[in-house]
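Report on the structure given below.
Indexing begins at 1, ligand by ligand and atom by atom, following the structure's order.
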Amino acid sequence: MSYSLQVAGRSRVVVGSAVAELPQLLPAGRIEVLTDRNVLKLHPELFVGCQPLVIEPGEENKRLQTVEAVCRELIRRGADRSTFLLGVGGGIVTDMTGFVASIYMRGIPFGYVSTTLLGNVDASVGGKNGVDLDGYKNMLGVFAQPRFVVCDTLLFSTLPAREIRAGLAEAVKTGIIGDEGLFALIERTGFEGLCRSSKAMDEVVVRSVRLKAAIVSRDEREQGERRKLNLGHTFAHAIEKCSREMNHGEAVAVGLVLAARLARRIGVLPAADEERIVGLLTALGFAIEAPVPMSELFEAMTKDKKSECEAIHFVLPTAIGACEIRTIPFVELAQWIGKL
Ligand code: GLY
């Protein structure tokens, strides 16, 4: 069973037993495959009959040097503008694939097989791609939609529990932004339950993609509503910049807690909803306190690329299933942060 969703009218996301559909999704003609060393080792069945380009795993490799190396290899292999680039992996591989494909010979078509929960529910869907620069996440990149994203939850069987948990942070984020039912499903099923049930996991992915697809289709280039998808991320990116202790999903979990705390202090989120957010993230096994002092986070946040002039676009939850975007001046933010 699989589900098909459209993003921005031109990117198809297939969820469920989706790898089986790959041959129908791929165009005729030359295809180059990009993956990382871990995915190649864990899923050799995905690479039968092809010689993928292989990058090293890890956020530290999501940078321009890797893009150059991949492009050089594409040139060496004689890839031209009709070549299709297929990225097979988690968010780092799909971000790199989208970026390489967008700039190689001014743009070649591309698609993804997304192998992680985090990739399925967020990173691989919506057309953002790019690389980090000097510790700033996704500082260089473009908006470009993949032709398709294959999200097959059976591929998660090789993921460590920590990676699945990290992906759930993004799904919880999506629930808080606009799908109370998704939030309740995760609450009801719990971490172990979701790991055991591919049906429940498929539902988490479908609901997350559905909400993201709707938002991205209305605001593809993040001029307004798409900013909501950054809920918790202003704090999370600051945490990732200041400390190597947490992976992205773990930092997002702390970011969601801090955003909820801030929203309750400002008076837009009822205390009961804040408790529900903290309760779910704690039950899923996340640490919910920042690993560095708030003053350090504030310093990093004021340098976030989403900040404009002397203020920052902050996403605040107003209920489970609703949020608003506020432009908060840094001086005001400093005062609030001092009280969190
Ligand atoms: N990860 C947030 C977005 O795609 O807009």
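For residues 9-38, no pair satisfies ring pair (Phe, Tyr, Trp, His ring centres under 6.0 Å), with sequence neighbours left out. Identified under the side-chain hydrogen bond (donor to acceptor under 3.5 Å, both in side chains) test for residues 43-54, with sequence neighbours left out: H43-E45, H43-T158.
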Check: every ligand 1 N/O to protein N/O pair under 3.5 Å:
unit_1   : atom_1 : unit_2 : atom_2 : d
ligand 1 : 1 (N)  : D122   : OD1    : 3.2
ligand 1 : 1 (N)  : D122   : OD2    : 3.0
ligand 1 : 4 (O)  : K212   : NZ     : 2.7
ligand 1 : 4 (O)  : R226   : NH2    : 2.8
ligand 1 : 5 (O)  : K128   : NZ     : 3.0
ligand 1 : 5 (O)  : R226   : NE     : 2.8
ligand 1 : 5 (O)  : R226   : NH2    : 3.3

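Residues satisfying the ring pair (Phe, Tyr, Trp, His ring centres under 6.0 Å) criterion with F84, sequence neighbours excluded, are F148.
Of the charged side-chain nitrogens involved, at least one lies within less than 4.0 Å of a carboxylate oxygen, so that E187 and R276 count as a salt-bridged pair. Using a 4.0 Å cut-off between a side-chain N of Lys or Arg and a carboxylate O of Asp or Glu, E60 and K62 do not qualify as a salt bridge.
Taking CG of L133 as the reference point, atom NZ of K137 lies at 13.5 Å (rounded to 0.5 Å).
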